[in-house]
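Take a look at the structure below.
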Amino acid sequence: MRNTRPVSWLKAALKDFESFPADVQLDMRRALTVAAEGGKSDKAKPFKGVNGGVFEIALRHRGDAFRAIYAVQIGMDLWVIHVFQKKSKTGIKTSQAEINIIRERLKRLKEALR
C-alpha cells in the first residue's frame, strides 16, 4: 500500500482549475497523484520563481499552455497554490504578476498553517 499524501487546494486555485478543459483537469490530477504518492510526474519540474519545495505542472492543450503550482514542503498535505492558463508576453518565462501571486499565496498558506 502506498503512503499517499492528501492533495489540498487553495480555494482560488480550485476555482480556476475547474474552468480548465476536462482533458487538462484529468492530466493535472494524474500528475498531482504521482506527486502525492512521493514521485514526480514527467510533466512536473521545480518552479524556479520561489524557494525549494515548489513544483510546476506544465501542460499543452490545443495550442494553449496550462500550469499548476504545488508545494510539497508545507504541512502534511500536498498544496495546490495556483493554477493558470499561461498567456505570457515574454515568451516561455512565467510573468512577474503570476510569480507575485504564487509568492503571496505561499506566504499566506505558511502563516495559516503555523
Side-chain angles (χ1 to χ4, degrees):
M1 175 123 178
R2 293 181 182 155
N3 187 16
T4 303
R5 296 169 64 184
V7 176
S8 295
W9 295 75
L10 292 184
K11 190 182 284 188
L14 183 58
K15 182 178 181 220
D16 291 340
F17 176 77
E18 290 171 342
S19 72
F20 285 3
D23 291 348
V24 173
Q25 289 185 36
L26 182 62
D27 285 349
M28 280 191 176
R29 285 191 190 280
R30 285 180 180 148
L32 288 167
T33 298
V34 170
E37 292 173 346
K40 186 176 85 54
S41 167
D42 60 346
K43 294 173 176 42
K45 63 183 180 181
F47 184 72
K48 293 183 171 75
V50 296
N51 290 336
V54 179
F55 292 84
E56 172 182 36
I57 297 169
L59 299 175
R60 298 211 48 88
H61 178 74
R62 296 185 181 169
D64 293 323
F66 296 89
R67 302 288 187 264
I69 309 298
Y70 66 92
V72 295
Q73 295 180 344
I74 300 176
M76 297 300 296
D77 295 5
L78 181 146
W79 281 93
V80 181
I81 55 175
H82 188 47
V83 299
F84 58 100
Q85 182 174 351
K86 192 163 182 212
K87 298 177 181 177
S88 180
K89 293 158 185 66
T90 58
I92 197 168
K93 193 173 182 182
T94 301
S95 75
Q96 189 61 47
E98 298 293 353
I99 292 171
N100 291 343
I101 290 169
I102 293 161
R103 286 182 177 153
E104 182 61 29
R105 288 183 180 178
L106 270 171
K107 180 181 165 190
R108 280 198 241 144
L109 180 60
K110 287 176 182 177
E111 289 170 358
L113 293 176
R114 279 191 196 155

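Just so we're clear, the structure is a prediction, and the values are computed from it rather than from any experiment.
- Note: the hydrophobic cluster containing L14 also contains V80 (ILVMFWY, side chain heavy atoms under 4.5 Å, direct or indirect links).
- At a threshold of 4.5 Å between side-chain heavy atoms, the hydrophobic network of Ile, Leu, Val, Met, Phe, Trp and Tyr places I81 and I101 in two separate groups.
- If you chain together hydrophobic residues whose side chains sit under 4.5 Å apart, I102 and I57 never meet in one group.
- Contacts of E98 classified as salt bridge (charged side-chain N to carboxylate O under 4.0 Å, His left out), with partners at least two apart in sequence or in another chain: none.
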Applying side-chain contact (heavy atoms from CB on, under 4.5 Å) to L109 and L113, what does each step give before you reach the verdict? CA-CA 6 Å; L109 180 60; L113 293 176; 3.7 Å; yes

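- No side-chain heavy atom of I69 sits under 4.5 Å from any side-chain heavy atom of V83.
- In the model, Q96 has a side-chain atom that pairs as donor or acceptor with a side-chain atom of N100 under 3.5 Å.
- Atom-to-atom distance recorded for F66:CZ and S19:OG is 8.0 Å, nearest 0.5 angstrom.
- For K40 (side chain) and A44 (main-chain N/O), a donor-acceptor pair under 3.5 Å exists by modelled atom type.
- From H82, atom NE2 reaches atom CG of D16 across 7.0 Å, with rounding to the nearest 0.5 Å.
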Start with the C-alpha distance between W79 and V7, add both sets of side-chain angles, then the distance that settles side-chain contact (heavy atoms from CB on, under 4.5 Å), and finish with yes or no. CA-CA 6 Å; W79 281 93; V7 176; over 6 Å; no

Let me see the working for F47 and I99 under side-chain contact (heavy atoms from CB on, under 4.5 Å), right down to the final yes or no. CA-CA 10 Å; F47 184 72; I99 292 171; 4.0 Å; yes

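- In terms of hydrophobic clustering, with Ile, Leu, Val, Met, Phe, Trp and Tyr side chains grouped at heavy-atom distances under 4.5 Å, V72 and L106 are assigned to different clusters.
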Could you walk me through whether K43 and L59 pass the side-chain contact (heavy atoms from CB on, under 4.5 Å) check? CA-CA 7 Å; K43 294 173 176 42; L59 299 175; 3.1 Å; yes

ring-ring contact (aromatic ring centres under 6.0 Å, His included) between Y70 and F55, worked out: CA-CA 5 Å; Y70 66 92; F55 292 84; 5.7 Å; yes

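- Distance alone, capped at 3.5 Å, places no donor-acceptor pair between the R5 side chain and the G38 backbone.
- Annotation: the span from T94 atom OG1 to R67 atom CZ amounts to 6.5 Å, rounded to 0.5 Å.
- A distance of 8.5 Å separates CG of L78 from OG of S8, quoted to the nearest 0.5 Å.
- For A12, the side chain to side chain contact (heavy atoms under 4.5 Å, CB included) criterion is met by R105, not counting sequence neighbours.
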Going by atom type alone, with no hydrogens or angles, which donor-acceptor pairs under 3.5 Å involve a side-chain atom of residues 20-36 and a protein atom two or more places apart or on another chain?
from	atom 1	to	atom 2	distance (Å)
Q25	NE2	F17	O	3.3
Q25	NE2	E18	O	3.2
Q25	NE2	F20	O	2.9
T33	OG1	R29	O	2.9

